[in-house]
Amino acid sequence: MKLEGKYNYKASQQVVWDLFNNPRHLEKAIPGCKKLEEREPGKYEAISKIGIAAVKGTYSGKFEVLDPEPPNRYRLIGEGSGTPGFVKGEGIMEFSQDGESTTVIYTGEVQVGGLIAGVGQRLISGIAKMMIKEFFRKMKKELKSLK
């Protein structure tokens, strides 16, 4: 499943970059995240409790920031698994200054398997988009907490 979109933040590119690379803010913004730890620079482990239709569960996973070009872009890879199945993905986050705001553009691809895949591609796609929207909305809230 392919995912893409963009969001604008009223802050400098450096401030937005720092926000998106701060584990404390990420933990608060990732939907269902119960715990996020940076094991070494750019490598994280997470535990999330997520429900998709009738398939609900706790996932443990890891993700990694690769090829960072501060404050412009990075590549992100990750995977998680739990009783309901697994999720694997890879994407690019790009940051660009637009006057007094910063635009964040994301593109990526996600694969799901196990029970969670049984709920149907259309449903999963809609839920993934909803979770992404929630993440970016919460990041805006985190940005406001910096001011």
Side-chain angles (χ1 to χ4, degrees), residues 1-9 11 13-97 102-146:
M1 159 179 36
K2 291 187 183 247
L3 300 168
E4 61 185 10
K6 68 179 180 177
Y7 287 84
N8 293 302
Y9 294 86
Q13 186 173 337
Q14 186 64 53
V15 167
V16 175
W17 171 270
D18 292 343
L19 178 72
F20 275 75
N21 285 278
N22 184 310
R24 184 173 58 91
H25 296 296
L26 290 171
E27 182 176 47
K28 291 179 182 178
I30 295 171
C33 188
K34 300 298 177 195
K35 183 178 181 181
L36 178 68
E37 290 184 21
E38 187 173 24
R39 293 295 184 183
E40 55 186 90
K43 293 185 180 185
Y44 302 87
E45 289 185 5
I47 296 175
S48 294
K49 189 170 185 176
I50 299 172
I52 297 177
V55 183
K56 296 181 169 118
T58 301
Y59 290 83
S60 60
K62 56 187 175 181
F63 65 94
E64 184 174 358
V65 174
L66 299 169
D67 311 321
E69 298 173 20
N72 301 310
R73 68 186 308 271
Y74 57 80
R75 188 165 59 103
L76 192 62
I77 61 169
E79 59 185 48
S81 62
T83 306
F86 72 87
V87 178
K88 291 174 83 170
E90 183 170 340
I92 303 286
M93 299 285 285
E94 296 180 288
F95 304 79
S96 60
Q97 191 76 43
T102 298
T103 300
V104 179
I105 298 172
Y106 69 90
T107 56
E109 195 158 323
V110 177
Q111 300 170 349
V112 296
L115 288 174
I116 197 167
V119 301
Q121 189 69 22
R122 290 180 118 171
L123 182 59
I124 291 173
S125 177
I127 291 170
K129 289 175 184 175
M130 181 187 71
M131 290 175 70
I132 290 169
K133 185 176 181 179
E134 181 181 350
F135 168 77
F136 281 99
R137 182 186 57 79
K138 287 182 174 181
M139 288 301 274
K140 277 189 179 182
K141 186 176 177 182
E142 289 300 301
L143 177 63
K144 288 180 183 176
S145 76
L146 298 176

Under 3.5 Å, sequence neighbours excluded: what are the donor-acceptor pairs made by side chains of residues 77-89?
none

From NZ (Lys34) to OG (Ser60), nearest 0.5 Å: 15.0 Å
Met131 side chain reached by Ile50 side chain, heavy atoms, under 4.5 Å: yes
Lys2: side-chain hydrogen bond (donor to acceptor under 3.5 Å, both in side chains) partners, not counting sequence neighbours: none
Pairing residues for Glu4 by the side-chain contact (heavy atoms from CB on, under 4.5 Å) criterion, not counting sequence neighbours: Thr107
Leu19 and Met139, any side-chain heavy atoms less than 4.5 Å apart: yes
Tyr7/Ile105 under side-chain contact (heavy atoms from CB on, under 4.5 Å): CA gap, chis, key distance, verdict: CA-CA 7 Å; Tyr7 287 84; Ile105 298 172; over 6 Å; no
Residue pairs passing the side chain to side chain donor-acceptor pair (under 3.5 Å) test where at least one lies in residues 68-78, sequence neighbours excluded: Gln13-Asn72, Asp67-Arg75, Arg75-Glu90
Set of side-chain contact (heavy atoms from CB on, under 4.5 Å) partners for Lys129, sequence neighbours left out: Leu3, Ser125
Side-chain ion pair, Glu64 and Lys62, N-O less than 4.0 Å: no
For a quick test of your reading: what N or O donor-acceptor pairs under 3.5 Å do the side chains of residues 25-33 make, sequence neighbours left out?
{"from": "His25", "atom 1": "ND1", "to": "Glu142", "atom 2": "OE1", "distance (Å)": "2.5"}
{"from": "Glu27", "atom 1": "OE2", "to": "Leu36", "atom 2": "N", "distance (Å)": "2.9"}

Contact summary for Tyr44 and Val65, nearest pair of heavy atoms: CE1-CG2, 4.2 Å
Donor-acceptor contact present, side-chain Asn22 to main-chain Asp18, <3.5 Å: no
Test side-chain hydrogen bond (donor to acceptor under 3.5 Å, both in side chains) applied to Gln97 - qualifying residues, sequence neighbours left out: none
For Glu38, all residues meeting salt bridge (Lys or Arg N to Asp or Glu O under 4.0 Å), sequence neighbours excluded: none
Heavy-atom side-chain proximity of Thr102 to Asn8 below 4.5 angstrom: no
Those residues that, when tested against Ser96, pass side-chain contact (heavy atoms from CB on, under 4.5 Å) (two or more places apart): Thr103
Sequence-distant partners of Glu45, side-chain hydrogen bond (donor to acceptor under 3.5 Å, both in side chains), two or more places apart: Arg39
Ring pair (Phe, Tyr, Trp, His ring centres under 6.0 Å) partners of Phe20, counting only residues at least two apart: Tyr9, Phe95, Phe135, Phe136
Contact check, side chains of Leu66 and Leu76, non-hydrogen atoms, under 4.5 Å: no
side-chain hydrogen bond (donor to acceptor under 3.5 Å, both in side chains) partners of Glu134, counting only residues at least two apart: Lys138
